[in-house]
Protein chains: 2
Amino acid sequence: MDAIDYKILKILQKNARETASNISKEIHLSVSAVIERIRKMEETGVIKEYTIIVDEKKTGNEMTALMEVSLEHPKFFDSFADAIQKLEYIVSCYYQTGDFDLIIRISCHSSDELEEIHRQVMSLPGVDATRTHVVLKNVKNIYSAIRRPDK
Amino acid sequence: MDAIDYKILKILQKNARETASNISKEIHLSVSAVIERIRKMEETGVIKEYTIIVDEKKTGNEMTALMEVSLEHPKFFDSFADAIQKLEYIVSCYYQTGDFDLIIRISCHSSDELEEIHRQVMSLPGVDATRTHVVLKNVKNIYSAIRRPDK
DNA sequence: AATGAAACCGTTCCGAT
DNA sequence: ATCGGAACGGTTTCATT
């Protein structure tokens, strides 16, 4: 993982379908060298996935909510984590320090659906309390920071 | 945006580099029809971006924190929104209802860096109070839900 | 690890339905 | 809007350094 790899990652972060031949022009390396570097980053798991970002307004899931969740006991964590993997409307979930144990991000199409989702989450085993925040504006959302740690 | 488009989106969400020829086999449509549908979804903005998900542990940004931020006055919103676009370590930001006006997700490499980031965010114009949560585990993180709204 | 050349395969364009 | 064919361009493999 040298500076060239980070350059390639940033290019792919901007456009995961950028061709190796264009990347090779941009970073002044041969096509085969670029492909070989990408292949290695896939193999070693540096690149975990290629994905798309869709316009949630246009796909009908324009409502976003953040729900803080606390569990009755840490023993419920595993089953909770399992359950939320299967719930499509939950797009992210973090286990965190603070008053609430977890925070989840929900993507849905209406406040009616949000209410239903709220009930579903509340009824998962071990869920103690929740606090819901409706997102008024999605100010920024990228997947991960790609910043080379000092040299 | 019919059921076939949603199928294509889901395939691309799993692998944005899936070839049109493979997609065409999976959904029983000709290669040119698949390409034409993708082209239209790009043009109309349904597909906003192709991107990669990297392993943050392997790229040296394995620390995640969530920071709630409140502003002294709503008039500071625009400048705050502008400022955080430029801050690479801030990967997401939501304007929300509740005690705090905003919540941001931070990706960094150490608690020392987090402390420095905390000071930087605190010193942005109009920032009133912050509350920071360290993420102990990233339980789930996909970009957006792709769910076809009832038929 | 990087390079260039050749074979291969996917994409793009186009005319037809 | 979909289809299949032909030309094009990108990828993959390999021998070489």
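Letters A, B, ... mirror the listed sequences (proteins, then strands); counts begin at 1.
If you take CD1 of I38(A) and C1' of dA1(C), they are 15 Å apart, rounded to a whole angstrom. As a whole-Å value, the separation of K25(B) NZ from dG4(D) P is 14 Å. If you take CD of E42(B) and C1' of dT11(C), they are 13 Å apart, rounded to a whole angstrom. Summarising the geometry, the separation between CD on E36(B) and C1' on dC13(C) is reported as 11 Å, rounded to the nearest angstrom. Atom-to-atom, CZ of R37(B) to C1' of dC3(D) comes out at 13 Å; the value is rounded to the nearest Å. In this structure, I23(B) places its CD1 atom 12 Å from P of dT12(C), rounding to the nearest Å. Distance N22(B) CG to dT11(C) C1': 13 Å, rounded to the nearest Å.
The phosphate of dT11(C) (OP1 or OP2) has no side-chain N or O of R39(B) nearer than 4.0 angstrom.
When the side chain to side chain donor-acceptor pair (under 3.5 Å) test is applied to E36(B), the partners found at least two apart in sequence or on another chain are R39(B). Scanning for ring pair (Phe, Tyr, Trp, His ring centres under 6.0 Å) contacts around Y95(B) gives F77(B), with sequence neighbours left out.
Map R17(B) and I4(B) each onto its nearest nucleotide of DNA chain D; the residue landing nearer the 5' end is I4(B).
Candidate nucleotides dT11(D), dT3(C), dC3(D) were compared by shortest atom distance to the side chain of V31(A), and dT11(D) ranks first. Taking only side-chain atoms of S32(B), from C-beta outward, the nucleotide of dT11(D), dT13(D), dC3(D) with the closest atom is dC3(D). Of all nucleotides listed (dT2(D), dT11(D), dG5(D)), dT11(D) comes nearest to the side chain of I35(A).
Residue A20(B) is classed as a sugar-phosphate contact, given heavy-atom separations below 4.0 Å to backbone atoms only.
Between the side chain of S21(A) and the base of dG9(D) there is no donor-acceptor pair of N/O atoms closer than 3.5 Å. At a cut-off of 3.5 angstrom, counting only N and O atoms as typed in the model, there is no donor on one side facing an acceptor on the other between the side-chain of T19(A) and the base of dG9(D).
Of the possible donor and acceptor atoms, none in the side chain of K57(B) sits under 3.5 Å from a partner among the backbone N and O of E62(B).
Scanning both residues, V134(A) and M63(A), for their nearest heavy atoms gives CG1-CE, 4.0 Å.
A donor-acceptor contact closer than 3.5 angstrom is absent between the side chains of E113(A) and Y89(A).
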